[in-house]
Number of protein chains: 2
Amino acid sequence: MTVIFSKKCEYGLQAVLFLAAQKTGTVVSAVTISEVLKIPREFISKILQSLRDSGITRSTKGKSGGFCLAKPASEIKLIDIVEAIDGLEIFNSCVLGFPECSPVTPCPVHDSWGALRDQAFEMLSNETLDKLKDKTLSKIQSL
Amino acid sequence: MTVIFSKKCEYGLQAVLFLAAQKTGTVVSAVTISEVLKIPREFISKILQSLRDSGITRSTKGKSGGFCLAKPASEIKLIDIVEAIDGLEIFNSCVLGFPECSPVTPCPVHDSWGALRDQAFEMLSNETLDKLKDKTLSKIQSL
DNA sequence: ATAAAATCGGAGTATTTTATCCAAATAATT
DNA sequence: AATTATTTGGATAAAATACTCCGATTTTAT
């Protein structure tokens with residue numbers, strides 16, 4: 001079960017973190033990413049292709065081709081990947097599914113949930129890929 | 001799009017809050033709930049039936065039958081509904097979808113996300129249906 | 001008794017999400 | 001030039017989630 005992001009988004013986050021953990025500019029094939037992260041090959045290809053369209057990754061075709069980041073890891077935030085794949089709607093919609101949940105017509109948990117949601121957004125906006133490099137490397141070791 | 005709960009769970013939470021906002025012991029039909037909350041009738045029936053199996057609601061058949069809470073609103077927490085429908089897995093699994101995300105092999109956001117997740121759990125465990133009654137009533141007014 | 005209004009249970013359908021397959025294009029290597 | 005390893009794009013398949021249908025049963029009210 002997914003926690004808050006779609007599987008697509010989880011995979012995208014994992015893959016992009018993985019790319020950021022490589023030496024800058026290293027090109028990694030979808031097969032490698034797929035094997036290391038245990039993500040279906042064709043699926044992660046598609047995800048990285050869509051992230052390329054969003055300007056987050058870059059791809060090179062042909063033998064020894066693959067994927068790498070389109071920008072320095074310090075310029076990519078986790079929220080960018082989330083936005084590109086799942087969108088930002090979750091940070092703007094009611095946790096209980098009520099329509100028009102706003103300060104004027106708040107749901108019963110509007111305030112308490114709102115605070116949490118804002119913290120989550122904040123967190124994802126602060127974390128850049130380079131800040132997470134060391135932690136990503138140790139996680140990869142353990143896989 | 002759902003925020004963190006399935007549609008089933010969102011609907012369940014809404015319906016149970018609605019029941020808690022009625023005078024104690026009032027029996028409400030699935031049709032009424034469906035109309036007020038704009039939830040497909042057959043769908044909310046099934047959801048309330050499964051919540052009955054979990055001991056949260058009670059149902060009475062026949063004419064003037066319907067659903068009510070199985071216990072006092074003060075004894076039902078939001079987390080109980082979540083647990084009954086979606087389960088508690090989301091409070092115990094990695095937000096990035098990594099396997100074995102634990103203090104020993106943490107994902108890159110293990111600590112920051114963990115804190116948020118615990119707060120969310122806490123919140124859902126503190127909020128009982130009766131505490132939310134007034135807020136629920138105003139929300140229902142606005143629908 | 002009969003009719004009306006409700007839940008119940010089980011099966012079925014629709015939609016969305018996740019995943020796979022394959023042929024074509026591209027580029028490096030031999 | 002041929003081979004190999006890769007991405008690309010489009011179609012398709014499988015699985016999960018969301019939702020519906022309907023006949024049977026139960027209860028109340030006339």
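Just so we're on the same page: letters track the sequence lines, and every chain starts at 1.
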What does the list of N/O pairs under 3.5 Å between the protein and nucleotides 9-13 of chain D look like, with a distance for each?
unit_1	atom_1	unit_2	atom_2	d
D:dG9	N7	A:K46	NZ	2.9
D:dG10	O6	A:K46	NZ	2.8

d([atom1], [X]; [atom2], [N]) in whole Å:
X     : N      : atom1 : atom2 : result
A:K38 : C:dA19 : NZ    : P     : 16 Å
B:L51 : C:dC8  : CG    : P     : 12 Å
A:I39 : C:dT18 : CD1   : P     : 13 Å
B:K7  : C:dT16 : NZ    : P     : 12 Å
B:E89 : D:dA16 : CD    : P     : 13 Å
B:D86 : D:dT17 : CG    : P     : 9 Å
B:I44 : D:dA18 : CD1   : P     : 13 Å
B:I47 : C:dG9  : CD1   : C1'   : 16 Å

Any side-chain heavy-atom pair from [X] and [Y] closer than 4.5 angstrom?
X      : Y      : result
B:F67  : B:V27  : no
B:I76  : B:T128 : no
A:R41  : A:V31  : yes
A:P106 : A:F98  : no

May I ask you to verify if any side-chain N or O of A:Y11 is less than 4.0 angstrom from the OP1 or OP2 atom of C:dA19?
->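 Checking C:dA19 against A:Y11, a side-chain N or O does come within under 4.0 Å of OP1 or OP2.
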Give every residue pair that meets the ring pair (Phe, Tyr, Trp, His ring centres under 6.0 Å) criterion with at least one member in residues 69-88 of chain B, sequence neighbours excluded.
->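 Sorted pair list comes back empty.
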Could you give all pairs that pass the ring pair (Phe, Tyr, Trp, His ring centres under 6.0 Å) test and reach residues 110-143 of chain B, with sequence neighbours left out?
->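 Those involving residues 110-143 of chain B are B:F91-B:F121.
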Could you write out each protein N or O paired with an N or O of nucleotides 4-6 of chain C at a distance under 3.5 Å?
unit_1	atom_1	unit_2	atom_2	d
C:dA5	N3	B:K63	N	3.3

Counting heavy atoms not belonging to A:N126, are there more than 12 under 6.0 Å from its CG?
->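 Count over threshold, so yes.
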Would you mind reading off the bend of the helix from C:dA1-D:dT30 to C:dT30-D:dA1 from its two end axes, five pairs each, to 10 degrees?
->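 Terminal axis comparison yields 10°.
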Hey, any chance B:L37 and B:L129 share a hydrophobic cluster, counting ILVMFWY side chains that come within less than 4.5 Å of each other, even indirectly?
->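 Yes; B:L129 is reachable from B:L37 via cluster members.
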Whether A:D80 side chain and A:K77 backbone form a donor-acceptor pair below 3.5 Å =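 Yes, the answer is positive, given that a donor and an acceptor are paired below the 3.5 Å cut-off.
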Distance-only, no hydrogens or angles: does the A:Q14 side chain make a donor-acceptor pair with backbone N or O of B:L96 under 3.5 Å?
->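 Confirmed, A:Q14 side chain pairs with B:L96 backbone.
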Counting any heavy atom closer than 4.0 Å, what does B:S45 reach on the DNA or RNA strands: base, sugar-phosphate only, or nothing?
->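 Answer is nothing: B:S45 stays at 4.0 Å or more from every strand.
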For B:K61, enumerate each residue passing the side-chain contact (heavy atoms from CB on, under 4.5 Å) test, keeping only those at least two apart in sequence or located in another chain.
->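 Testing B:K61 for side-chain contact (heavy atoms from CB on, under 4.5 Å), a comparison that skips the adjacent residues, returns none.
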Could you please name the option among D:dT7, D:dA18, C:dA19 that lies closest to any side-chain atom of A:S59?
->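 Closest nucleotide to the A:S59 side chain: D:dT7.
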